[in-house]
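Heads up: the structure comes next, in structure tokens.
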Amino acid sequence: VMSTEVLEHVADPERFLKEMVRIGKDDGTFVLTVPDSRGETLIKATAPKAYFQEPNHIQIFTPEDFRRLAENCCLEVIEHKYVGAFWAIFFLLKWASSDDQHAINEANHPMTQHWTKVWQEILNHPQGEDIRQSLNNAVPSSQVIVARKRSAD
């Protein structure tokens with residue numbers, strides 16, 4: 001069962017996830033992703049107000065909140081990791097450089113182009129993977145939980 005970047009849009013994410021778990025197979029694997037609170041905090045400085053209003057991001061999940069949600073919904077967390085630092089910084093720059101603060105999906109500015117080039121240089125650096133992982137842990141745009149349904153002992 002996959003739910004990627006959905007729970008932050010749902011008014012009652014626990015009810016939503018419990019229903020997913022209920023209908024999921026007992027031996028099924030659940031892959032869940034949500035925006036991370038650190039990335040959301042970073043982009044909040046420049047994001048259009050609509051980004052944090054319905055139907056967009058109405059829930060913000062700290063790592064603790066996300067893990068607790070999964071566990072409260074009878075899931076056993078197998079892995080919990082952080083990804084997407086590139087995107088957290090990209091959107092901060094994208095919205096900072098946008099002339100239209102209402103435009104959520106529009107931007108091709110020198111700042112975002114430069115950031116994309118810098119990111120490529122990071123990845124090409126001999127320590128690029130370590131730098132990427134460090135940034136993902138510091139300012140992830142998303143967090144990922146891989147889980148299984150807890151047995152009904």
Do Leu7 and Gln59 have side chains that get closer than 4.5 Å, going by heavy atoms? no
Backbone N or O of Asn137 within a donor-acceptor pair of the Arg38 side chain at under 3.5 Å? yes
Hey, is Lys18 close enough to Glu14 for a salt bridge, meaning N to O under 4.0 Å? yes
Validation row: Tyr51, Trp95 side chains within 4.5 angstrom (heavy atoms): yes
Identify whether Val144 and Phe30 are in the same connected component of the hydrophobic contact network (ILVMFWY, side-chain heavy atoms under 4.5 Å). no
Does Glu54 have more than 12 heavy atoms from other residues, nucleotides or ligands lying within 6.0 Å of its CD? no
Give, for atom CG of Leu17 and atom CZ of Phe66, the distance between the pair rounded to the nearest 0.5 Å. 8.0 Å
Hydrophobic cluster identity match, Leu69 and Val31, side-chain contacts under 4.5 Å: no
In terms of hydrophobic clustering (I, L, V, M, F, W, Y; side-chain heavy atoms under 4.5 Å; direct or indirect links), are Val21 and Ile78 co-clustered? no
Would Ile131 end up clustered with Val118 when hydrophobic side chains under 4.5 Å apart are linked, directly or stepwise? yes
Going from OG1 on Thr41 to CD1 on Ile60, what distance comes out if it is rounded to the nearest 0.5 angstrom? 6.0 Å
Which heavy atom of Ala85 sits nearest to which heavy atom of Asn136, and what is that distance? N-OD1, 2.8 Å
Is there a side-chain contact between His114 and Met111 (heavy atoms, below 4.5 Å)? no
Under 4.0 Å between a Lys/Arg side-chain N and an Asp/Glu carboxylate O for Arg67 and Glu64? no
Within 6.0 Å of CD in Glu129, more than 12 heavy atoms from elsewhere: yes
For the residue pair Phe52 and Glu40, establish whether any side-chain heavy-atom pair is separated by less than 4.5 Å. yes
Is there side-chain contact between Trp119 and Ile122, with heavy atoms separated by less than 4.5 Å? yes
Could I get the full list of side chain to side chain donor-acceptor pair (under 3.5 Å) partners for Gln113, not counting sequence neighbours? Asn108
Main-chain N/O of Gly28 paired with Lys149 side-chain donor or acceptor, under 3.5 Å: no
Per the side chain to side chain donor-acceptor pair (under 3.5 Å) rule, which among Gln143, Glu8, Glu5 passes with Thr33? Glu5
Euclidean distance, Leu135 CG relative to Ser141 OG, rounded to 0.5 Å: 12.0 Å
Measuring from Leu32:CG to Ser142:OG, what's the distance to the nearest 0.5 Å? 12.0 Å
Transitive ILVMFWY side-chain link Phe61 to Met20, under 4.5 Å: yes
Measure the CZ-NE2 distance between Arg132 and His125 for me, rounded to the nearest 0.5 Å. 15.5 Å
Main-chain N/O of Ser37 paired to Thr62 side chain as donor or acceptor, under 3.5 Å: no
Any heavy-atom pair between the side chains of Arg150 and Glu71 that's under 4.5 Å? yes
Less than 4.5 Å apart, side chain to side chain, heavy atoms only: is that true for Arg148 and Thr29? yes
Tell me the closest heavy-atom pair linking Gly39 and Ala88, and the distance in Å. CA-CB, 4.2 Å
Shared-cluster residues of Tyr82, by chain and number - hydrophobic side chains joined below 4.5 Å: none
Does Thr116 reach the main-chain N or O of Thr112 with its side chain, forming a donor-acceptor pair under 3.5 Å? yes
Are Pro140 and Val83 side-chain neighbours, meaning at least one heavy-atom pair lies under 4.5 Å? no
Atom pair CG (Leu93) and CG (Leu42), whose distance is rounded to the nearest 0.5 Å: 8.5 Å
Does any pair with a residue in residues 9-28 pass ring-ring contact (aromatic ring centres under 6.0 Å, His included), and if so which ones, sequence neighbours excluded? His9-His57
Can you name the nearest heavy-atom pair linking Val77 to Ala70, along with the distance? CG2-CB, 4.1 Å
Does the side chain to side chain contact (heavy atoms under 4.5 Å, CB included) test come out yes or no for Glu19 and Arg22, once each step is laid out? CA-CA 5 Å; Glu19 180 62 11; Arg22 185 188 72 76; 2.7 Å; yes
